[in-house]
Amino acid sequence: MLLAHGVGGRQDLPIPFSAVLIGAALALLVSFVALGALWKEPRLGGDSPGARSLPAAVQTAMSAPAWRWVWRIAGLVAAAYFCIGLIFGPDQADNPTAGAFYVLFWVGLVPLSLLFGPVWRRLNPLRTLHLLACRGLGRDPELGLRPLPPGVGYWPACAGLFAFVWLELVAPERATLPVIGAWLAAYAVLTLAGAVVFGSRWFDHGDPFEVYSGLVGRLAPAARRGDGVVAWRNSLDGMAGLRPAPGQTTLVVVLLGSTMYDSLSNAPVWVRFVQESAVPAPVTGTAGLVIVIALVLAAYRTATALAGRWGAARPGTTAGEIAHSIVPIAVGYIVAHYYTLFLLEGQRTIALLSDPLDTGADWLGTAGWTIQALGTTPRESPPSRSRSSSSVTCWAPSWPTIARWPCFPGGPPSSGRFPCSC
């Protein structure tokens with residue numbers, strides 16, 4: 001059985017590949033041609049003084065120190081409850097730990113960030129523990145043993161994000177408690193060590209989940225302006241204000257490439273190759289993940305190099321300057337990719353969370369939760385534990401269709417109907 005996302009897979013009712021290809025090509029072609037013809041001047045970025053602000057009562061509540069502590073305490077409570085199943089729960093299929101980690105947390109972080117901004121910065125229990133420790137020692141949490149080097153950028157977060165997607169998509173026994181626990185322990189130790197050395201700024205650069213949530217949170221419909229007022233905005237305004245930084249392009253490419261690998265790894269030709277190969281599956285999977293991410297990075301670099309040449313930009317700068325424009329595409333693809341998994345496996349996990357020790361308890365009152373299709377057509381797989389931008393315009397619209405090709409019958413040669421987690 002093929003393990004997808006660490007918790008098994010879901011698939012929707014297959015759609016004829018020809019219909020998908022034609023529909024996707026037309027929709028993307030029309031939208032990008034319209035953008036190219038009608039949107040010739042910058043219209044996004046910066047504060048909008050005329051934007052409608054949130055009600056005064058909401059502004060006051062959100063500015064109060066107690067508001068920040070509500071989020072921090074909620075993060076600590078959620079982490080403590082999660083650890084009950086992780087540390088004390090039985091290592092079996094009904095333990096909610098894998099679903100809570102891979103589905104509710106990882107996948108749920110996207111809609112939460114899209115709605116409320118960089119939520120993991122507020123909820124992050126490691127950031128809160130570091131803050132409490134610094135206050136107990138009478139230290140400024142922003143100051144570490146040494147300043148954070150300016151060239152660090154997002155490279156630590158890139159490494160952490162790759163480590164997570166490797167765990168989710170490649171690691172053997174990735175749904176078991178020892179594997180999840182070992183990964184989280186290493187993540188916690190390294191993140192807190194970085195905070196001790198470089199101060200709380202390390203979380204902004206080294207915590208992969210906080211950086212990920214912050215990136216997606218720039219698309220939130222409300223944000224705090226430079227004058228401190230929380231106001232509604234065009235969701236793309238926040239993304240347009242994202243300035244280039246070391247590792248930023250690679251971070252976005254890791255998101256895109258890992259999601260594409262997740263789709264491609266379900267193709268029968270790949271499954272057959274892994275099963276018949278004398279090389280251990282984790283080695284093959286790791287090589288496949290790295291190759292797909294590298295190909296995506298090469299395609300993006302090539303497209304942006306051509307765009308920069310045609311637009312007379314300084315060589316080597318275009319990739320970083322327009323990396324923010326790829327984020328909405330990546331987020332949209334991730335939402336589409338995980339939609340069914342989140343709705344269906346998320347409901348199942350919520351039901352299991354009521355009894356993390358598998359004793360027949362119903363602590364949260366959700367043990368009898370009936371899973372609703374919610375507009376999907378699920379087919380559950382067997383349970384498993386285990387400036388000038390023409391070239392970029394050509395690259396971007398082709399991405400969703402290429403990446404999801406293996407998820408439809410009639411796609412690549414020798415493909416047919418098969419379980420796919422897309």
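Start at 1 with the first residue, then count along the sequence.
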Short side-chain to backbone donor-acceptor contact, [X] and [Y], under 3.5 Å:
{"X": "Ser213", "Y": "Val119", "answer": "yes"}
{"X": "Gln59", "Y": "Val229", "answer": "no"}
{"X": "Thr259", "Y": "Ile334", "answer": "no"}
{"X": "Thr304", "Y": "Arg301", "answer": "yes"}
{"X": "Tyr102", "Y": "Arg174", "answer": "yes"}
{"X": "Thr128", "Y": "Asn124", "answer": "yes"}
{"X": "Ser53", "Y": "Val230", "answer": "no"}
{"X": "Thr318", "Y": "Ala305", "answer": "no"}
{"X": "Ser63", "Y": "Thr60", "answer": "no"}

Taking the side chain as every heavy atom from C-beta outward, state whether [X] and [Y] have any pair of such atoms under 4.5 Å apart.
{"X": "His337", "Y": "Asp262", "result": "yes"}
{"X": "Trp369", "Y": "Leu353", "result": "no"}
{"X": "Leu161", "Y": "Val211", "result": "no"}
{"X": "Phe273", "Y": "Thr284", "result": "yes"}
{"X": "Leu177", "Y": "Gln92", "result": "no"}
{"X": "Met62", "Y": "Leu54", "result": "yes"}
{"X": "Leu364", "Y": "Tyr81", "result": "yes"}
{"X": "Leu109", "Y": "Val216", "result": "no"}

How close do [X] and [Y] get, heavy atom to heavy atom, and via which atoms?
{"X": "Pro356", "Y": "Ser354", "result": "CD-C, 3.6 Å"}
{"X": "Trp232", "Y": "Ala222", "result": "CE3-CB, 3.9 Å"}
{"X": "Pro118", "Y": "Gly214", "result": "CB-CA, 3.7 Å"}
{"X": "Pro246", "Y": "Gly151", "result": "CB-O, 3.7 Å"}
{"X": "Ala61", "Y": "Trp67", "result": "O-CB, 3.0 Å"}
{"X": "Ala220", "Y": "Gly117", "result": "CB-N, 3.5 Å"}

State the [atom1]-[atom2] distance between [X] and [Y], to the nearest 0.5 angstrom.
{"X": "Ile87", "Y": "Phe82", "atom1": "CD1", "atom2": "CZ", "result": "9.5 Å"}
{"X": "Phe342", "Y": "Gln347", "atom1": "CZ", "atom2": "CD", "result": "9.5 Å"}
{"X": "Asn95", "Y": "Asp355", "atom1": "CG", "atom2": "CG", "result": "9.5 Å"}
{"X": "Glu173", "Y": "Ile180", "atom1": "CD", "atom2": "CD1", "result": "11.0 Å"}
{"X": "Leu215", "Y": "Gln248", "atom1": "CG", "atom2": "CD", "result": "7.0 Å"}
{"X": "His324", "Y": "Met239", "atom1": "NE2", "atom2": "CE", "result": "8.5 Å"}

Q: Under the salt bridge (Lys or Arg N to Asp or Glu O under 4.0 Å) rule, collect the residues that match up with Asp358, sequence neighbours excluded.
A: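 With neighbours one apart ignored, the set is empty.
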**Q.** Residues forming a salt bridge (Lys or Arg N to Asp or Glu O under 4.0 Å) with Arg127, sequence neighbours excluded
**A.**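 So Arg127 forms a salt bridge (Lys or Arg N to Asp or Glu O under 4.0 Å) with Asp204, Glu210.
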Q. Got a sec, which residues hit side-chain contact (heavy atoms from CB on, under 4.5 Å) with Leu190, two or more places apart in sequence or on another chain?
A.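 Partners of Leu190 under the side-chain contact (heavy atoms from CB on, under 4.5 Å) test: none.
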Q | side-chain contact (heavy atoms from CB on, under 4.5 Å) against Val170, all qualifying residues, sequence neighbours excluded | A |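 Result, side-chain contact (heavy atoms from CB on, under 4.5 Å) vs Val170: Trp166, Tyr261, Thr286, Leu289.
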Q: Return the orientation label for the Phe105 and Phe101 ring planes: parallel under 30°, perpendicular over 60°, tilted otherwise.
A: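 Plane angle under 30°, so parallel.
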Q: Name the orientation class of the two ring planes belonging to Phe164 and Trp106 (parallel below 30°, tilted from 30 to 60°, perpendicular beyond 60°).
A: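 Rings of Phe164 and Trp106: tilted, as their planes differ by 30° to 60°.
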Q. Got a sec, which pairs hit ring pair (Phe, Tyr, Trp, His ring centres under 6.0 Å) with one end in residues 236-255, sequence neighbours left out?
A.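 The answer is none; no pair qualifies.
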Q | side-chain contact (heavy atoms from CB on, under 4.5 Å) evaluation trace for Trp202 with Val196 | A | CA-CA 9 Å; Trp202 173 258; Val196 170; over 6 Å; no
Q: Quick one: which residue pairs count as a side-chain hydrogen bond (donor to acceptor under 3.5 Å, both in side chains) with a foot in residues 181-200, not counting sequence neighbours?
A: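 Checked against side-chain hydrogen bond (donor to acceptor under 3.5 Å, both in side chains) - neighbours excluded - the pairs reaching residues 181-200 are Tyr187-Asp207.
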**Q.** Cation-aromatic face contact Arg72/Trp69, 6.0 Å, 45 degrees
**A.**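 Yes, Arg72 lies over the aromatic ring of Trp69.
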Q: Mind running side-chain contact (heavy atoms from CB on, under 4.5 Å) on Thr249 and Glu321 for me, showing each step along the way?
A: CA-CA 9 Å; Thr249 299; Glu321 289 178 350; over 6 Å; no
Q. Is the closest side-chain donor-acceptor distance between Asp91 and Thr176 under 3.5 Å?
A.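 No, no side-chain donor-acceptor pair sits under 3.5 Å.
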(Q) Pair Phe162, Ile293 - check side-chain contact (heavy atoms from CB on, under 4.5 Å), show working. (A) CA-CA 10 Å; Phe162 179 83; Ile293 292 175; 3.9 Å; yes
Q: Any chance you could lay out the ring-ring contact (aromatic ring centres under 6.0 Å, His included) test for His205 and Phe198, step after step, and finish with the verdict?
A: CA-CA 10 Å; His205 298 266; Phe198 299 112; 9.9 Å; no
Q | Pair Leu129-Leu76, side-chain contact (heavy atoms from CB on, under 4.5 Å): steps then yes or no | A | CA-CA 9 Å; Leu129 291 175; Leu76 288 175; 4.1 Å; yes
